[in-house]
There are 2 protein chains.
Amino acid sequence: MANQLSQLDQVFAALADPTRRAIVMRLCAGEASVGELAEPFEMALPSFMKHVHVLELSGLVQSEKSGRVRTCRLSPEALVGAEDWFQHQRAIWEARLDRFEAYVMKLKKERAAAKQSSKATEKTTNKPSKRKGTE
Amino acid sequence: MANQLSQLDQVFAALADPTRRAIVMRLCAGEASVGELAEPFEMALPSFMKHVHVLELSGLVQSEKSGRVRTCRLSPEALVGAEDWFQHQRAIWEARLDRFEAYVMKLKKERAAAKQSSKATEKTTNKPSKRKGTE
DNA sequence: TCTATAGTTAGCTTGATGGCTAACCAATTA
DNA sequence: TAATTGGTTAGCCATCAAGCTAACTATAGA
């Protein structure tokens, strides 16, 4: 669990750099050697290798050396893990919106009821409209 | 576009810190003052404020001061933007898996056809099975 | 076997990040 | 009006991140 959290740290930190995001995007399209990956960047190779290394540490990328060429591929589990984090937050957020809306509805109802009781007998219990989007 | 990219940088960098993720999670459940937010952490207040500031710069959090208390709330657009990035990558990744599978199927077909032509007339065009999962 | 290629290691510089304390407003509240 | 509360500013320090060059290893190809 704590380990998983620090994994999230590493994944987000890895993705905070545009070079590394570009590498991930490239690898989504298929595996590639370090040289192929590095080619579009102006950076010196050792600098570039650091990025690859960060991606490996984060679990986003795996690599394997065969002969003198190191081939990198995406290992999407870490990516999915991070995506899950967002979905979880969104679920909580949306549940809260729902609760908030329910609360507003309850207030409306109570106010209507108060009006009713003061005005004595008049039935206007208008149904609340359904969710109006994500805001 | 470039601006949006650097926004992604900032959002991911903001989320790379467990304190800041905790703040975001807390704010998913509803707005809170700086003091309320800081309460669970052992950190000195100025240090904590830095985290809040980073979150504000990233666009994940908005805040407003009324009297002497500053109230923070989530501004979920940035969160959604980051989530979109994942979904986009996943779409590319999955399309690639599909293409890869199609390629394998084509190979199989060609091999079968080759066998057929060498064996002359024997019809065994076995239909390929459907997707077998994500890996 | 020599040479070019692909990557790696070591070590340096610069700037950002994450923490702290101390001192300082500015609203509330007694 | 004096004291408390909630937050802010300023400035320090240690560590990490991202880049570089130079020198090195190991494989592939001529």
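A quick note: this is a predicted structure, and the numbers were derived from the prediction, not measured. The chains referred to below are lettered A, B, ... by the order of the sequence lines, with proteins before strands, and numbering in each begins at 1. Values reported hereafter were calculated over all heavy atoms of this structure, with side chains retained and with hydrogens, waters and symmetry mates removed.
A 4.5 Å side-chain heavy-atom check between B:Gln87 and A:Phe86 finds every atom pair outside the cut-off. Between B:Arg20 and B:Leu15 there is no side-chain heavy-atom pair separated by less than 4.5 Å.
Going from atom CZ of A:Phe12 over to atom P of C:dT17 covers 18 Å, rounded to whole Å. Here C:dG7 presents its C1' atom at 16 Å from CD of A:Glu39, a figure rounded to the nearest Å. Straight-line distance from the CG atom of B:Asp9 to the P atom of D:dA17: 16 Å, rounded to whole Å. Atom pair A:Met49:CE and D:dT21:P shows a separation of 17 Å (rounding to whole Å applied). Atom P of nucleotide C:dA27 and atom NZ of B:Lys65 are separated by 8 Å, given to the nearest angstrom. Atom pair B:His53:NE2 and D:dA10:P shows a separation of 12 Å (rounding to whole Å applied). Distance A:Arg20 CZ to D:dG19 C1': 12 Å, rounded to the nearest Å. Here C:dG7 presents its P atom at 14 Å from CD of A:Glu64, a figure rounded to the nearest Å.
Backbone-only engagement by B:Ser33 is indicated by non-hydrogen atom pairs under 4.0 Å involving sugar-phosphate atoms exclusively.
In the set D:dG7, C:dG19, C:dG7, C:dG7 carries the atom at the smallest distance from any side-chain atom of A:Val34. Set against C:dT28, C:dG7, C:dC20, the side chain of A:Leu45 has C:dG7 as its closest nucleotide.
Mapping B:Gly35 and A:Asp17 onto DNA chain D by nearest heavy atom places B:Gly35 closer to the 5' end of the strand. Mapping A:Ser47 and A:Ser66 onto DNA chain D via the closest heavy atom, the residue that lands nearer the 5' end is A:Ser47.
Under 4.0 angstrom from either OP1 or OP2 of C:dG19 there lies at least one side-chain N or O belonging to B:His51.
Side-chain contact of A:Ser58 with A:Gln7: a donor-acceptor pair under 3.5 Å is absent, judged by distance alone.
Geometric assessment of A:Arg96 against the ring of A:Trp93 yields a positive cation-pi assignment under the 6.0 Å and 45° thresholds.
Aromatic ring pairs are classed by plane angle as parallel below 30°, tilted from 30° to 60° and perpendicular above 60°; the pair A:Tyr103 and A:Phe100 is tilted.
A:Arg68 contributes no side-chain N or O that forms a donor-acceptor pair with the base of C:dA6 under 3.5 Å. A donor and an acceptor atom sit less than 3.5 Å apart, one in the side chain of A:Lys50 and one in the base of D:dG19.
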